[in-house]
Amino acid sequence: MILLSESEKQHLIAGAESDLRCDGRGCLDNRPITLCVDSVSTAAGSSRLRLGSSTDVLVIIKPDIVTPLNSAANCGQIKITCECSSNASRHYESRSECDQAMNMLNVTLSRFLSSNAVDLKKLCIEESHFCWCLNVEVSIIELSSGSLISATSIALKAALLTCNLPRVTVVERAGEFELNVTDDIYDCCSLADFAANWPIVVSVHKLGNAHVVDCNLEEETCSHSSLLVPVTPTGRIVGVCKTDHQSLTQTSLLSMLSVGVEAGKKLHQLLDVILESHISENKLLTRI
Amino acid sequence: MLFEENSQLFNLVPEDSFFAQNDGFSNTNKGEYVSPGDIISAGGMRGHGTRPSDNDDEKLVATLAGHVDRIDRLVCVIGKHVPRYAGAAGDVVIGRVAQISAKKWKVDIGATSLANLPLSALNLPGGELRRRGFDDEIAMRAHLTEGDILSAEVHKVREDGYISLHTRSLKYGRINRPGCVIKVKNVKRCKTHWHDLPCGVSVIVGANGWIWIGPPISYSSNDSSIDRELRENMARIRNSILALDLYGIEIYDTSIMVSWELSGDFEVKELIKPAVTKQLASLTNQRLKLL
């Protein structure tokens, strides 16, 4: 949290309540996002996202083939690890604030892995024997423009939509299963179908009486309370996380959830539009 | 309408343009790009960013990363990286109080270390002139507390970077009006730093690159709401200044006014999109060259 004077806070809150924030956006408007996918050649899928002038997140997906867990023999696995670069922000003076941001990220991203929005059965290769384990590495390069978790979830979805896994075939020989991974680097399967329903997290802040989406660091500092709302493309809420110790009335809570759902659906549409050409280039690839 | 159809909210870019630095419009005739240790091709008089080579006295070696600038026989290296504010006596700066310590406030002005504002250098309300006693020391938070924005003048700068400020004039001191502070890199030094722009917005351009944007002095704290038009103009000025700064155009009252006028073709919230920012900066640059 950064230092702000009382007059600045007053200005930010009054702006949010009159639907005209510091940079002219309304309460439901997002900042422009610059996205770059498939830039890391050593990973199956990658995306780098820049939001505002200084929130920068890199997501890398590296697949692995493992034995499925006994409790979920027909499901694949996804493991998400987050790491924060040491010069991510000059505002965070102590390491603990960065750790807090990372914990929140871990919790939110892992939370919806156990939901219905993500179908891990699609990652199974052979029940009880082989399944894909996607190792997702999130690197926070900079976080001075706020909205970190939202940016990370968009980057994660973009990386998954453009991720290509090598084709594997299972051969049964005398009761034993053998795995053949193709040698051709262009022979791969796309994860676009698997990731189509992946949720995007929207963070909704309460500034005075207004409910605001996509806040920068100043607005996050003077917000009363905030909710993290992961939303699927169809508008279903996957889970809700409240990140602070302030109270919210029931009306506020419901209103913030509906704001989050609207904003989430819009983000999904925008992401699909720009990645459409990228995904359709891979339409010759089979989908998992 | 100057607005381009394809300035979308989400932009997918190829890898090389993600990292591309925009070169700005105000740089002309840049020489070759060098990094520290590179031998600059032709010798000459050594300027900023160069030193004579150890092996060969004729040759010059770059000490900065940037472009070579040659003026007659003077060879300089202009670094891309804008250094932190160094401070100069007499500069008007905008700062934020970071800490309160014994008989002084530590103010963040974007320099290498926090600047000091001693208790004795603060203007007391009512213009009193007296020695500051123990009671004043206890009541420091009543004047300035952590997080407060203030305008001050740099009193002196020591060689080790220690900057001390003073607010010994009625125009300096804590800024009580609601507004916002933005940080830019290129500020042109002008005779005056306080500008009441014709659009009704008041701007204080600090020499340290911090700019305060808010309502004019005639706004009183009883009138608790800033009307919509003023708020929109403040947002417009803010976005225009950030657009100019992104492309290396110097910020001063004329450039702010010119970019405000030219931004009238766009909606305020469009001004944060990269394509619109570029267009606005380019138009402003062309207009400023004509002036």
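In this text the structure is predicted, and so the values were computed from the model without any measurement. Excluded from the calculations below are hydrogen atoms, water molecules and symmetry mates; all remaining heavy atoms, backbone and side chain alike, are included. Throughout, protein chains are lettered first and strands after them, A, B, ... in sequence-line order, and every chain is numbered starting at 1.
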Toward chain B, the part of [X] with a non-hydrogen atom under 4.5 Å:
X       : answer
I154(A) : side chain
D29(A)  : side chain
L12(A)  : neither

Whether over 12 other heavy atoms sit under 6.0 Å from E276(A) CD: no
Answer with side chain, backbone, both or neither: which region of [X] has an atom nearer than 4.5 Å to a non-hydrogen atom of chain A?
X       : result
L242(B) : neither
R236(B) : neither
V97(B)  : backbone
N239(B) : side chain
R231(B) : both

For salt bridge (charged side-chain N to carboxylate O under 4.0 Å, His left out), just list the numbers for R25(A) and D23(A), CA-CA rounded to whole Å, side-chain angles, deciding distance to a tenth of an Å, and then say yes or no. CA-CA 6 Å; R25(A) 285 183 293 150; D23(A) 50 2; 3.1 Å; yes
Heavy-atom pair with the smallest gap, counting every atom of I149(B) and S5(A): N-CB, 3.9 Å
Please report the shortest heavy-atom distance between S226(A) and D244(A), naming the atom on each side. N-OD2, 3.0 Å
Options V13(B), D148(B), V268(B), ranked by heavy-atom pairs under 4.5 Å with chain A, top entry: V13(B)
Counting heavy-atom pairs under 4.5 Å to chain A, which of G147(B), C180(B), A235(B) comes out on top? G147(B)
Would you call the rings of W105(B) and H143(B) parallel, tilted or perpendicular, where under 30° means parallel and over 60° means perpendicular? perpendicular
Salt bridge between E146(B) and R141(B), side-chain N to carboxylate O under 4.0 Å? yes
State, without any angle test, whether T167(B) and N123(B) hold a side-chain donor-acceptor pair at a distance under 3.5 Å. no
